[in-house]
Amino acid sequence: MTNEKMFEMAVRTKMRFPFKGIISVEDLWDLSPENLDSIFKDLNFRLKQVKEESLLNTRTKQDQELDTKIEIVKYIVQVKLTEQDIKLKEKEKREKKQELLEILSTKQNEDVRSKSIEEIKGMIDALDN
């Protein structure tokens, strides 16, 4: 089942998830990966119970719904972890860029400090014009 179909089914059937009561699919996006993991564990536990209670390999509507819920939670966790990774990499890039800008500024100041008095006066005069 595609992600689009999976979410369509969840919305159309008003699928609910166990978390401090009952929450909707939309509410899952507001949870942390750790909270989503606890939902996943609960759903997985329920699925194992349902499979253990049956002597037949027939899949019921309840089994299919639990499978879909698990897949939805897994998908959302994956998206959130990817987003966290992207944010971390962007933060590291910003910090590295800031560090390089500070080094550049220091080097430029060293270059100006090494100039002669006449060169510095010339630079000042050029700024006044």
Side-chain angles (χ1 to χ4, degrees):
M1 179 181 303
T2 66
N3 291 333
E4 186 177 302
K5 291 284 185 191
M6 183 172 60
F7 281 101
E8 179 183 343
M9 183 181 122
V11 173
R12 283 180 175 246
T13 61
K14 296 176 177 54
M15 202 174 275
R16 299 295 179 247
F17 295 79
F19 182 74
K20 296 182 181 178
I22 303 294
I23 62 172
S24 68
V25 176
E26 300 86 31
D27 296 327
L28 293 174
W29 290 100
D30 297 330
L31 300 178
S32 69
E34 293 77 19
N35 288 334
L36 290 166
D37 188 50
S38 71
I39 293 172
F40 169 80
K41 288 176 183 175
D42 182 46
L43 292 171
N44 207 28
F45 177 75
R46 290 181 187 189
L47 184 63
K48 287 177 183 177
Q49 279 184 324
V50 169
K51 286 183 178 180
E52 287 176 4
E53 293 174 2
S54 175
L55 297 174
L56 306 175
N57 270 345
T58 58
R59 297 198 28 90
T60 66
K61 185 177 180 180
Q62 183 184 16
D63 295 343
Q64 292 171 343
E65 183 177 316
L66 280 171
D67 282 339
T68 302
K69 284 180 177 183
I70 288 170
E71 290 305 312
I72 287 172
V73 171
K74 285 167 60 175
Y75 175 81
I76 293 174
V77 166
Q78 186 59 47
V79 169
K80 287 185 161 285
L81 291 176
T82 301
E83 288 173 348
Q84 283 179 352
D85 189 43
I86 290 170
K87 285 180 184 179
L88 179 63
K89 287 179 181 176
E90 287 174 353
K91 180 183 177 208
E92 288 171 353
K93 277 177 64 176
R94 279 193 311 272
E95 289 172 352
K96 185 66 175 175
K97 184 177 180 179
Q98 184 61 37
E99 179 184 343
L100 291 171
L101 287 171
E102 289 172 8
I103 292 170
L104 177 63
S105 176
T106 301
K107 293 272 187 189
Q108 287 172 336
N109 288 340
E110 289 172 3
D111 184 47
V112 171
R113 286 190 176 115
S114 68
K115 294 195 181 294
S116 69
I117 293 174
E118 290 79 25
E119 289 175 314
I120 294 173
K121 284 182 180 179
M123 291 170 69
I124 293 170
D125 289 341
L127 290 174
D128 288 338
N129 293 335

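We use all heavy atoms of the structure for the numbers below, so side chains are in, but hydrogens, waters and symmetry mates are not.
Here Ile120 is tied into one hydrophobic group with Ile124, each link being a pair of ILVMFWY side chains closer than 4.5 Å. Its side chain within the 4.5 Å cluster rule, Val112 clusters with Met123 among the Ile, Leu, Val, Met, Phe, Trp and Tyr residues.
Listed by first and then second residue, the salt bridge (charged side-chain N to carboxylate O under 4.0 Å, His left out) pairs that reach into residues 71-89 are Glu71-Lys74, Asp85-Lys89, sequence neighbours excluded. Sorted by first and then second residue, the ring-ring contact (aromatic ring centres under 6.0 Å, His included) pairs with a member in residues 88-129 form an empty list; sequence neighbours excluded. Within the structure, the salt bridge (charged side-chain N to carboxylate O under 4.0 Å, His left out) test picks out the following pairs touching residues 5-23 (sequence neighbours left out): Glu8-Arg12. Among pairs with a residue in residues 80-113, none fulfils ring-ring contact (aromatic ring centres under 6.0 Å, His included), at least two apart in sequence or across chains. Counting only residues at least two apart or on different chains, the ring-ring contact (aromatic ring centres under 6.0 Å, His included) pairs with a member in residues 4-43 are Phe7-Tyr75. Pairs engaging residues 34-45 under the salt bridge (charged side-chain N to carboxylate O under 4.0 Å, His left out) rule: Asp37-Lys41, Asp42-Arg46 [sequence neighbours left out].
Under the side chain to side chain donor-acceptor pair (under 3.5 Å) criterion, Glu102 pairs with Gln98, not counting sequence neighbours. Residues forming a side chain to side chain donor-acceptor pair (under 3.5 Å) with Glu119 (at least two apart in sequence, or on another chain): Ser116. Glu110 meets the side chain to side chain donor-acceptor pair (under 3.5 Å) test with no other residue; sequence neighbours excluded. Looking at residues two or more places apart in sequence or on another chain, you find no side chain to side chain donor-acceptor pair (under 3.5 Å) involving Asn44.
The neighbour count for Ile117 CD1, taken as heavy atoms of other residues, nucleotides or ligands under 6.0 Å away, does not exceed 12.
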